[in-house]
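First comes the structure, then the notes that go with it.
Each chain gets a letter, A, B and so on, in the order the sequences are listed, and its residues count up from 1.
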There are 2 protein chains.
Amino acid sequence: MSGAISDVAALAGVSKATASRALTGRGYVSAETRERVVQAAATIGYVASPIAASLSTGRTLAIGVLTSFLNRWYFGEVLEGAEGALRARGYDLTLHHLPPDSPERDRIFDSYLTNKRFDGMISIGIEASQDEIARLLANPRPLVSIGGNIRGAHSINIDDQALGREATEHLITLGHTRIAHITGHDAELQTDTVHGRRLAGYLAAMEDAGLTSAVHVLPAVHSLPGGYEAAAQLLRDARIRPTAVFASTDEVAIGIIIAARRLGITVPAELSVIGIDGHSYAEMFALTTFEQEPRAQGRHAVEILLQDLEDERRAQAPDSGEPGSTVSEVRWPTRLVIRQTTTRPESAE
Amino acid sequence: MSGAISDVAALAGVSKATASRALTGRGYVSAETRERVVQAAATIGYVASPIAASLSTGRTLAIGVLTSFLNRWYFGEVLEGAEGALRARGYDLTLHHLPPDSPERDRIFDSYLTNKRFDGMISIGIEASQDEIARLLANPRPLVSIGGNIRGAHSINIDDQALGREATEHLITLGHTRIAHITGHDAELQTDTVHGRRLAGYLAAMEDAGLTSAVHVLPAVHSLPGGYEAAAQLLRDARIRPTAVFASTDEVAIGIIIAARRLGITVPAELSVIGIDGHSYAEMFALTTFEQEPRAQGRHAVEILLQDLEDERRAQAPDSGEPGSTVSEVRWPTRLVIRQTTTRPESAE
DNA sequence: ATGAAAGCGCTAACAC
DNA sequence: GTGTTAGCGCTTTCAT
């Protein structure tokens, strides 16, 4: 089994170069010899060494993916989308986990960037410091950022502020006034973060509706337990209990439902949940939710990235003009899906 | 920036060979010259090309991870554990997603195995056919299988049958008789699968308790919506409604809780949930659960794998004896955590 | 302790 | 169209 290309060449009675051309499809080979080479390769079960090819061509056919979470639905879905699209195009995916608060964050970051084993990068939900962004952009390889705060690279983002506003206004339209918002913790609320923008949308909508005094913001860890704890705190005191909640994350929203059940109280009349796929988890619980198809986002990121790589390659070619190194900024569509059971504040307990 | 090792060598006034020795730590270099080389490398910001190194040494310093799910808690946690451990040891992780029912399963499998870019493999929750297992084992690179049905390679498994029995017996001890089990779909219930073994444990316990006629098994997709749907079906008819449920997966159990709430009925007195970490999701909802620390499983798999690689390397060395190619089979401990709110069938509605 | 040289397996110019 | 040759950047005998 296996063997090197020289073996294939020998068996087919051609030179290494011809064998390579026949197998990779680059350069002229007569149909006849190609067939012979392919046969020879099949006979000895030849598979090219991507490493040797990489060393020779300078391209690795691998994409580095940097993600902030591995155990949350949204991120898993994006990752799944990207993985599938990459494999379909013949690329490997090397995974790097960069949690927001890691003490070794700097080391991870560095080992990631100096790793020369990928042609391009995709970042999922990475909220990076100015310094980190600068380092990312200094890297010659193209980057597509999904849902983080990175500017200057290709990006796919949803309009978090508009979304926060839309969710809140929806609740206001239904007649709610005591609308709470469960968000991220302090460090995640600087203006230029997902949760910060969603919060801003919430605040703006409340203010516009003259509900500034009813604003109720609660931090939470973005997990089921996090949502549970926040909700338990939020719902405990019946006098100040909100009639509606806008949660910044799926996991948190589910946690709220469970908390409400455990406390033996009726779930707040509305819950808005951000994220998740077409077969939304939240949707089925008859909540109001935003769909944004994370899987499709992952796929789309791959397309942008590979397109950029191809453009770059074409730009290298002797004929073509300038690299046209513009950066695409995709405003990803979201859709408010309304499936409430109880919608009016009166029906809340 | 960057540059090749020849640049470093030139700057330090030594040969490429010495520079290499100084930088990699293999072979003799005087402390003095080493220092000089390291300095030179630092000055020009040299980072070695792992690809060139791989071509030369034959080792890639990368591990391929094959996982059946990316959007489920257990798998995400295992992946996170493995990723961290690998990075700590200087290895890359290339991710491959192999869903159980994929039409292109064979192609994925093949592209994975013929990919020569990794030194070893970790499989997470892969239920493979005989043919697939054979192909996996035919691959010369070592494999550690976590929680699948692969035998003949290093493996980390929990005793699913014992666990199914233990969960069921726990419910029986509490006085329950109408105990339902939510499991996987048909294809997942052949004897040698996670869900099949858990089911077997459940059945055995029921039979031993003379409750064979009370056996109630319901298939479900292993997701929150899946658990929801199964539970909705299970709980709808009050006359045959079980007083306890043993669910085969976290997501399913959470789905059940939500279904119960939505249907406006009290949740079954007990729910046993399989999986999840120390900070168990299920745990906090006061359910009975099994802990098995998936993150630690991921880390442990990495340790076994890298140990094997090191052994192999040592075996290559001229001095040592035989490869000692035994395969480790780890029986991973699980712990039943009991945090029920309502425990007795009387208290069920 | 260090250097010279060969070679990992492939691709890409350049000749023929 | 096909073969020859020269690397890609590193590691590693083998001399010295």
TODO: Measure up the H96(B) and F118(B) rings against each other and bin them: parallel (under 30°), tilted (30 to 60°), perpendicular (over 60°).
DONE: perpendicular

TODO: May I ask you to evaluate whether S20(B) reaches the phosphate of dC10(D), defined as a side-chain N or O under 4.0 Å from OP1 or OP2?
DONE: no

- [ ] Take atom CZ of R26(B) and atom P of dT2(C), then tell me their distance rounded to the nearest Å.
- [x] 18 Å

Task: Nearest-angstrom distance from the residue atom CG of L55(B) to C1' of dT11(D) - done: 10 Å

Open item on the list: Measuring to OP1 and OP2 of dA1(C), would you say a side-chain N or O of S30(B) lies under 4.0 angstrom away?
Closed with: no

Task: Nearest-Å distance for atom pair CZ/P, residues R59(A) and dC10(C) - done: 17 Å

Open item on the list: How about CD on E310(A), more than 12 heavy atoms from neighbouring residues, nucleotides or ligands closer than 6.0 Å, or not?
Closed with: yes

TODO: Using a strict 4.0 Å threshold on nitrogen-to-oxygen distance, state whether R36(B) and E32(B) make a salt bridge.
DONE: no

Task: Check ion pair E303(B)-R299(B) (N to O, under 4.0 angstrom) - done: no

TODO: Using only side-chain N and O atoms of S15(A), determine if any of them is under 4.0 Å from OP1 or OP2 of dT2(D).
DONE: no

- [ ] Please report, rounded to the nearest Å, how far the P atom of dC14(D) is from the CZ atom of R21(B).
- [x] 14 Å

- [ ] Determine the contact category for S54(A): base if any of its heavy atoms lies under 4.0 Å from a base atom, sugar-phosphate if only primed atoms, P, OP1 or OP2 are that close, otherwise nothing.
- [x] nothing

- [ ] Under 4.0 Å between any heavy atoms, over every strand shown, what does A17(A) touch: base, sugar-phosphate, or nothing? Just pick one.
- [x] base

Open item on the list: Just the rounded figure in Å: distance from C1' of dG7(C) to CD1 of I51(A).
Closed with: 15 Å

TODO: Indicate the atoms forming the closest heavy-atom contact of L66(A) with I126(A), along with that distance.
DONE: O-CG1, 3.7 Å

Task: Interatomic distance, L23(A) CG vs dA12(C) P [rounded to whole Å] - done: 13 Å

TODO: Name the residue closer to the 5' end of DNA chain C, choosing between S56(A) and T57(B) according to the nucleotide with the nearest heavy atom.
DONE: T57(B)

Open item on the list: In whole Å, I'd like the distance from the CD1 atom of I5(B) to the C1' atom of dT11(D).
Closed with: 8 Å

Task: Presence of T24(B) side-chain N/O under 4.0 Å of dC10(D) phosphate oxygens OP1/OP2 - done: no

Open item on the list: At less than 3.5 Å, do the side-chain atoms of R34(A) and the base atoms of dG1(D) form a donor-acceptor pair?
Closed with: no

Task: Interatomic distance, Y46(A) OH vs dT11(C) P [rounded to whole Å] - done: 6 Å

TODO: By nearest nucleotide on DNA chain C, pick out whichever of A52(B) and Y28(B) is the more 5' one.
DONE: Y28(B)

